[in-house]
Amino acid sequence: MGYQIQGNVAIVTGGSQGFGKEFTKLLLKKGAKVAFSDINVEVGRQTESDLQKEFGKENVIFVRADVTNDEDWTSLWDEAEMKLGAVAILVNNAGIGASLGWERNVDIMLKGVGKGTFLALDRMGKNMSGRIINIASIAGIASGFTSKIEVSGYTMAKHGVIGLTRSFPRARPAPFSKYGVKAYALCPWFADTQLLREEISDLSKIERSTKTRVLTVEEVGKSLLTALEKDKDGACYLIFPDVPLIDFPNCNENLFALSVAAGWILKKAGYEPDVIGWPVVLAVGALLLIIFYYIFAILKFMVW
Ligand SMILES: NC(=O)C1=CN([C@@H]2O[C@H](COP(=O)(O)OP(=O)(O)OC[C@H]3O[C@@H](n4cnc5c(N)ncnc54)[C@H](O)[C@@H]3O)[C@@H](O)[C@H]2O)C=CC1
Ligand SMILES: CCCCCC(=O)/C=C/[C@H]1[C@H](O)CC(=O)[C@@H]1CCCCCCC(=O)O
């Protein structure tokens, strides 16, 4: 059934251009009212005028707001509520390039997402309903794609966003939900936007070096609607060219359990090395699989 977009009000940060503009358009097409924000006022006003022509002045507004500023967040939310109605969907999308330094990357793309998320919990929580969609990146799941440590702020921020998103279902098991608010994250591969073109002017360079084409804005936009349709709390969707949207498993959590199991089994067997590495964890995982397989086979035999 999915989360209902029609008739709801959304806030999209960084909505003047790129993914944010596409998310705004798609939400409007699906019958939502949208307040999009940005620090780029010139492009924001132009986008507002274009979208108002297409979807009506009563359905879409631009608000100048910097995601790093608490007062801007409050006035953005107040204005959206006053002009459009109670906000039910927040898309934390605003972002900058990796080359702008780790502190700005973390301020805008991690602390900015945190500010939006905790304000959303406060405001949406009053209505016991809402959805937060965080725009992370493949750099939020995997790290060390480049050899330059100077650009790791982007990865720091995006990993943090995945951590925040994954915290949602555990923190508030569904039936006892304190706020009624779910979160999910989108993790796109490189996509053709102004942001990428400012960092790497010749996109074919990336395509050649990674042997993978860059995504279109439309491909990323579509995945927002799929995520709202699936409505799975804590899900992190990997968006990669020419494969379906991937509901990326919480590998670290599963590997954590397996690693501890490996350590425990080795200790019980009287073997306690200083450190357990990846091959040992995998070997114990395989051993456990074989044991479960035989237990299952014996149980099947006993029942039938
Ligand atoms: N383009 C790509 O290759 C990928 C982008 N992403 C993420 O997608 C999100 C959107 O990026 P794009 O659409 O590519 O970029 P974009 O540059 O086209 O749009 C980002 C918008 O965010 C705004 N913004 C920057 N700082 C802000 C602030 N402090 N407060 C409010 N707005 C601010 C910019 O003015 C801009 O309009 C970012 O979070 C980015 O990290 C994720 C994966 C791939
Ligand atoms: C490294 C995989 C990136 C996946 C897609 C992505 O998020 C790309 C974003 C670029 C954005 O368009 C402008 C940028 O500066 C981003 C590139 C960031 C690369 C950081 C790699 C850091 C690392 O190797 O740890």
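These figures come from a predicted structure and were not determined experimentally. Counting starts at 1 for both ligands and their atoms, following the listed order.
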Any N/O pair Ser37/ligand 1 closer than 3.5 Å: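 No, since none of the N or O atoms of Ser37 sits under 3.5 Å from an N or O of ligand 1.
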Asp247/Lys230 ion pair, N-O < 4.0 Å: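 Result for this pair is no, no salt bridge flagged.
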Atoms of ligand 2 close to Gly97 [distance to a heavy atom under 4.0 angstrom, numbered from 1]: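 Going through ligand 2 atom by atom, the ones under 4.0 Å from Gly97 are 15 (O).
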Ligand 1 contact by Thr13, heavy-atom criterion under 4.0 angstrom: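 Contact absent.
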Min heavy-atom dist Lys158 to ligand 1 below 4.0 Å: yes
Identity and separation of the nearest protein heavy atom to atom 29 (N) of ligand 1: Asp66 OD1, 2.9 Å
Plane angle bin for Tyr184 and Tyr237 - parallel if under 30°, tilted between 30 and 60°, otherwise perpendicular: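 Tyr237 and Tyr184: perpendicular rings.
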Ignoring hydrogens and angles, write down the donor-acceptor pairs under 3.5 Å from the side chains of residues 265-279, residues two or more places apart or on other chains.
none

Tyr154 N/O under 3.5 Å from ligand 2 N/O: yes
Selected option - heavy-atom contact closest to atom 8 (C) of ligand 2, from Phe19, Phe190, Trp189: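 Shortest heavy-atom distance from atom 8 (C) of ligand 2: Phe190.
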Closest to atom 25 (C) of ligand 1 among Ala65, Ser16, Gly95 (heavy-atom distance):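 When every heavy atom of Ala65, Ser16, Gly95 is considered, Gly95 comes closest to atom 25 (C) of ligand 1.
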Side chain, backbone, both or neither: the part of Trp189 lying under 4.0 Å from ligand 1 by heavy atom: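 Near ligand 1, Trp189 shows its backbone, while the atoms from C-beta on stay back.
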Any side-chain donor near an acceptor of the partner, Thr13 and Asn93, under 3.5 Å: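 Checked: Thr13/Asn93 side chains show no N/O donor-acceptor pair below 3.5 Å.
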Phe19 side chain reached by Leu186 side chain, heavy atoms, under 4.5 Å: no
Test applied, salt bridge (charged side-chain N to carboxylate O under 4.0 Å, His left out); reference residue, Glu81; option that passes from Lys126, Arg123, Lys33: Arg123
